[in-house]
Amino acid sequence: MSGTGWPRGTQPLPLGANSTVNSFTKNPSLTLSRTVNLYPLTNYTFGTKDPLFEKDPSVPARFQRMRDEYEKLGMRRSVDGVLLVHEHGLPHVLLLQLGTTFFKLPGGELNPGEDECEGLKRLMTETLGRAETNSNEWVVEDTIGNWWRPNFEPAQYPYIPPHITKPKEHRKLFLVQLQEKAYFAVPRNYKLVAAPLFELYDNSQGYGPIISSLPQALSRFNFIYM
């Protein structure tokens with residue numbers, strides 16, 4: 001019987017122990033089952049500290065500063081921390097609320113040349129830590145998203161648009177593993193709220209595209225309710 005494989009006349013390769021298909025080694029960095037510990041919201045204590053003001057007084061001023069810095073330093077690098085707790089057996093994300101409609105993740109801009117993880121720990125301490133908080137108390141667990149700002153405008157995307165060669169900002173989201181118990185010092189001009197994932201899902205009108213995408217980004221993790 002003539003062969004039926006490719007090239008014509010060859011025999012198909014059997015999927016046996018010695019086949020090439022089974023000879024590949026598994027990627028050592030591949031994580032098939034990733035777990036994250038979630039502790040109850042009631043485990044955490046909340047206090048207040050001095051207000052934390054934005055660097056820019058208005059949205060136009062923010063983008064003007066971004067233009068000025070882009071000319072000197074290039075693309076802005078920003079990092080945000082995703083903090084998870086659970087309440088009634090449901091995962092919640094801790095968000096900073098300013099006013100009645102603006103929500104943000106704790107984080108901010110990195111300094112030139114600053115390491116992403118170390119910068120995030122610094123920003124988390126500045127935002128939610130006390131004076132005596134050690135930045136090493138924040139455990140940066142994993143990357144969960146990359147967002148790009150193509151122009152000096154509010155719009156950000158989870159990819160670089162094909163016609164953009166020089167994005168103006170790269171925002172990286174990290175999952176931060178909380179300790180079993182912790183104290184959060186919240187700036188007086190903010191509220192720290194716990195938003196359930198089901199409320200964020202498909203709700204970009206209420207939370208913006210980045211925060212509303214968190215349920216999908218976090219779906220690869222298995223949550224363990226402690």
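No more than 12 heavy atoms of other residues, nucleotides or ligands sit less than 6.0 Å from atom NZ of K191. Summarising the local packing, CZ of F46 is surrounded by more than 12 heavy atoms from other residues, nucleotides or ligands at distances under 6.0 Å.
Contact of the P112 side chain with the E114 side chain is not registered, since no non-hydrogen atoms from C-beta on lie closer than 4.5 Å.
In this structure, the side chain of Q97 engages the main chain of G99 through a donor-acceptor pair within 3.5 Å. Using a distance-only test at 3.5 Å, with no hydrogens or angles considered, no donor-acceptor pair links the side chain of N151 to the main chain of E153. In this structure, Q179 contributes its side chain and E137 its backbone to a donor-acceptor pair below 3.5 Å.
The two residues P91 and L38 make their nearest non-hydrogen contact at CB-CD1, 3.8 Å. Here the shortest heavy-atom pairing between D142 and R34 reads OD2-NH1, 2.7 Å. Taking both residues in full, the closest heavy atoms of R77 and N111 are given as NH2-O, 3.2 Å, listed atom of the first, atom of the second, then distance.
Ring centroids of Y44 and Y183 are separated by 6.0 Å or more, keeping the two rings apart.
Classification of the Y70-F152 ring pair by plane angle, with boundaries at 30° and 60°, yields perpendicular.
We find the CG-CD1 distance between L173 and I211 to be 9.0 Å, quoted to the nearest 0.5 Å.
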Show your working on salt bridge (Lys or Arg N to Asp or Glu O under 4.0 Å) between R171 and E109 and close with a plain yes or no.
CA-CA 9 Å; R171 179 177 300 277; E109 304 167 23; over 6 Å; no
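Taking the charged nitrogens against the carboxylate oxygens, E126 and R122 do have a contact shorter than 4.0 Å, which makes a salt bridge.
Residues L175 and L94 are members of separate hydrophobic clusters, defined by side-chain heavy-atom contacts under 4.5 angstrom among Ile, Leu, Val, Met, Phe, Trp and Tyr.
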